[in-house]
Amino acid sequence: MNFPKQQVIRWINEQKEDILEIYKSILRIPALAPKNGGDGEWDKAQKIIEIITSWGWKDWLEVVEVPDPKAKNQSRPNIIITYNPENLSTPAIVSVAHMDIVPVGDLSEWDHDPFDPIVKDGKLFGRGTEDNGQGLICSLYGLKCIVDLKLTIANPIKVVIVADEELGSTYGIRPLVEQNRFSPEDIVVVPDAGVKSGLEIEVAEKKPFQVHIITEGHQGHAARPNDALNTQPVANDLASKLFEELHTLFTESDPLFYPPVSTFEPTKRVNNVENTNTLPGRDEQWWDCRLLPNAPVEEIKKVFQTTAAEIEKKWNAKITVNIRTRDIKIPTINADTPVVRRLQKAIGTMIEGETTLVGIGGGTCAAFFRMAGIKAIVWGHMDHKAHETNEYCVVENLYTDIAIFTAFFTA
């Protein structure tokens, strides 16, 4: 069908105040995983269910609860909305966004309460605004536009809102895909990464590779270092040597990705001692690495293990290296696939310019579809503020992207 652009834009203009208020009401509810100090997505899911029920969509709703004893009500809920008024049997057009967020970090660095969203200078500030509330609200309102305007569709539409994306999707899209709730022919977009222009489509992801390193020595008084084994300099020595060796040995480049190389970054450091005059006898550090698809995983593992053994011997400490990620293959999506062509057409209804296909280091729900043989791509219209303090989304992008989702669902 020809996309009724002006009709859609008029509808969005009439809905702008409602869109913002509904969006803010969702953002006000934290959805932190238990591992990140929260109780999961239950409350946010109930709010979303309340909203879509008020729209008259109750019969289209399915809630898939994945058990998690550490979460509220021991459940991590996932929402699937299926719109298929004509009982169409063709492949579904699917959008997948996630409810969960990352911790806010240092509150003193926020200019506003991260859970009391505020509009300033054309931007909506708050935790989860860009990651991934923008994709969530635009998917919902893209479908609402179709329903309200009674636009004709040629395929069933599924808006899927999942849990646990930020910590690996154990309770989210991964079990949904494993339960065969999607067809290999489905056309899937994940609105969870993008650029300011809105003209990049992510078709490839690096392999996640996490390492947990525990260094053990002997705690003691800072005034008597000879009677202890301070693990801080040991762990620092290890981190420095690993950083240099990994970046020297593994320099393969692929221009599809930004950055074009595998990355090796020490990240989380677990608190060791509470007072300044005690030498720590234990150190825990995490590495978050993003590997190019052809990176030699076994060789990278060996560098972590042999370097740790070398530092262990040098300092007479005990070092344990735990590789937390299995070697996986995430296929790259080709330019001539139906989902890419469909999204390019939809983007072109609202944004001028040529789209570019890219790869990213961040992990998204699309990886689980790709590994299952379902061609999923990732797109967004974003300022790259995910996980930052003072996270925001551009308000005008919301309205543009709702129109793009309307076009994607109906193309």
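- Between Trp379 and Gly198 the shortest heavy-atom distance is NE1-O, 2.9 Å.
- Interatomic distance, Thr389 OG1 to Leu107 CG, rounded to the nearest 0.5 Å: 10.0 Å.
- Separating the CD atom in Glu310 from the CD atom in Gln305 is a distance of 14.0 Å, to the nearest 0.5 Å.
- At a threshold of 4.5 Å between non-hydrogen side-chain atoms, the residues Leu143 and Trp57 count as touching.
- Between Tyr141 and Trp55, the ring centre distance stays below 6.0 Å.
- Ser262 places no side-chain N or O within 3.5 Å of a backbone atom of Phe250 that could act as its donor or acceptor partner.
- Residues Ile351 and Ile404 form a side-chain contact, since some pair of their non-hydrogen atoms from C-beta on lies under 4.5 Å apart.
- Note that CD1 of Ile22 is 4.5 Å distant from CD1 of Ile51, once rounded to the nearest 0.5 Å.
- Panel note: side chain Asn272, backbone Pro280; no donor-acceptor pair is recorded below 3.5 Å.
- Residue Trp315 forms a side chain to side chain donor-acceptor pair (under 3.5 Å) with just one option from Asn230, Thr215, Asp237, and that option is Asp237.
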Side chain to side chain contact (heavy atoms under 4.5 Å, CB included) evaluation trace for Val160 with Phe182:
CA-CA 11 Å; Val160 183; Phe182 305 95; 4.0 Å; yes
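- In summary, the aromatic rings of Trp287 and Phe304 are positioned with their centroids under 6.0 Å apart.
- The existence of a salt bridge linking Lys314 and Glu312 is excluded, since no basic side-chain nitrogen approaches an acidic carboxylate oxygen closer than 4.0 Å.
- Between Ile328 and Pro208 the shortest heavy-atom distance is CD1-CD, 4.0 Å.
- Counting non-hydrogen atoms of other residues, nucleotides and ligands closer than 6.0 Å to NZ of Lys207 gives a total above 12.
- In this structure, His381 and Val394 have side chains that are not in contact, with every pair of non-hydrogen atoms separated by 4.5 Å or more.
- Between Glu50 and Lys47 there is a salt bridge, with a side-chain nitrogen of the basic residue lying less than 4.0 Å from a carboxylate oxygen of the acidic one.
- Remark: His387 engages Asp131, Glu166 in a side chain to side chain donor-acceptor pair (under 3.5 Å) (not counting sequence neighbours).
- Atom NZ of Lys16 has more than 12 neighbouring heavy atoms from other residues, nucleotides or ligands inside a 6.0 Å radius.
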Could you walk me through whether Lys44 and Asp100 pass the salt bridge (charged side-chain N to carboxylate O under 4.0 Å, His left out) check?
CA-CA 9 Å; Lys44 183 170 281 190; Asp100 59 316; over 6 Å; no
Checking Gln179 against Val64 for the side chain to side chain contact (heavy atoms under 4.5 Å, CB included) test, could you report, in this order, the C-alpha distance in whole Å, the side-chain angles of both residues, the deciding distance, and whether it holds?
CA-CA 11 Å; Gln179 292 167 15; Val64 182; 4.1 Å; yes
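- Here the shortest heavy-atom pairing between Asn334 and Val340 reads O-CG2, 3.6 Å.
- Look at Asp288 and Arg290 and you find a salt bridge, because one of the NZ, NE, NH1 or NH2 atoms lies within 4.0 Å of a carboxylate O, short of that distance.
- Here the straight-line distance linking atom CG of Leu140 with atom CD1 of Ile81 works out to 5.0 Å at 0.5 Å rounding.
- Annotation: side chain of Tyr171 is not in contact with side chain of Pro77 (no heavy-atom distance under 4.5 Å).
- For the 3.5 Å distance criterion, the side chains of Glu165 and Asn132 fail to qualify, holding no donor opposite an acceptor.
- Between the side chains of Asp18 and Tyr23, no donor N or O sits under 3.5 Å from an acceptor N or O.
- Surrounding CD of Glu178 are more than 12 heavy atoms belonging to other residues, nucleotides or ligands, all under 6.0 Å away.
- Applying the 6.0 Å contact sphere to CD of Glu252 captures more than 12 heavy atoms from other residues, nucleotides or ligands.
- The minimum heavy-atom distance between Gln134 and Cys393, with the atom names listed, is OE1-CB, 3.2 Å.
- The closest side-chain heavy-atom distance from Lys206 to Leu291 is not below 4.5 Å.
- By the 4.0 Å N-to-carboxylate-O rule, Glu202 lies close enough to Arg370 to be salt-bridged with it.
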Check the pair Ser75, Asn73 against side chain to side chain donor-acceptor pair (under 3.5 Å), reporting the backbone distance first and the verdict last.
CA-CA 5 Å; Ser75 172; Asn73 294 326; over 6 Å; no
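- With respect to the salt-bridge test (charged N to carboxylate O, under 4.0 angstrom), the residues Lys301 and Glu298 qualify.
- With salt bridges taken as basic N to acidic carboxylate O contacts below 4.0 Å, one links Arg282 and Glu216.
- Using a 4.0 Å cut-off between charged side-chain N and carboxylate O, Lys385 and Glu391 make no salt bridge.
- Side-chain polar atoms of Gln344 and Thr355 form a donor-acceptor pair below 3.5 angstrom.
- Taking CG of Asn322 as the reference point, atom CD of Glu284 lies at 9.5 Å (rounded to 0.5 Å).
- For the pair Val8 and Leu149, the minimum side-chain heavy-atom distance is below 4.5 Å.
- A salt bridge does not link Lys72 to Glu41: none of the charged side-chain nitrogens sits closer than 4.0 Å to a carboxylate oxygen.
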Check against side chain to side chain contact (heavy atoms under 4.5 Å, CB included), Thr410 and Thr152:
CA-CA 7 Å; Thr410 60; Thr152 302; over 6 Å; no
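- Residues Ser183 and Glu185 bring a donor and an acceptor atom of their side chains to less than 3.5 Å of each other.
- Using modelled atom types and a 3.5 Å distance limit, the side chains of Thr82 and Lys158 yield a donor-acceptor pair.
- Between Asn275 and Thr278, the side chains place a donor N or O and an acceptor N or O closer than 3.5 Å (distance only, hydrogens not considered).
- A 4.5 Å side-chain heavy-atom check between Leu32 and Pro103 finds at least one atom pair inside the cut-off.
- Dense packing is recorded around CZ of Phe115, with more than 12 heavy atoms of other residues, nucleotides or ligands lying under 6.0 Å away.
- Here the side chain of Asp186 pairs a donor or acceptor atom with the backbone of Ala92 at under 3.5 angstrom.
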Tell me, with the steps shown, if Ile80 and Arg181 meet side chain to side chain contact (heavy atoms under 4.5 Å, CB included).
CA-CA 10 Å; Ile80 302 175; Arg181 292 177 177 273; 4.1 Å; yes
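- In plain terms, the two heavy atoms of Leu167 and Ala33 that are nearest each other are CD1-CB, 3.5 Å.
- Two residues are said to be in side-chain contact when any heavy atoms from C-beta on lie closer than 4.5 Å; Leu292 and Ser253 fail this criterion.
- Rounding to the nearest 0.5 Å gives a distance of 5.0 Å between SG of Cys138 and CG of Leu398.
- Contact record, Glu205 with Ala366: OE2-CB, 3.9 Å, taken as the closest heavy-atom pair.
- In this structure, Phe243 and His247 have tilted ring planes: the angle between them lies in the 30° to 60° band.
- In this structure a side-chain-to-backbone donor-acceptor pair under 3.5 Å is missing from Arg174 to Cys365.
- Remark: the backbone N or O of Ile146 is not paired with any side-chain donor or acceptor of Asp148 at under 3.5 angstrom.
- Stacking of Lys123 on the aromatic ring of Tyr392 is recorded, both the 6.0 Å distance cut-off and the 45° axial limit being met.
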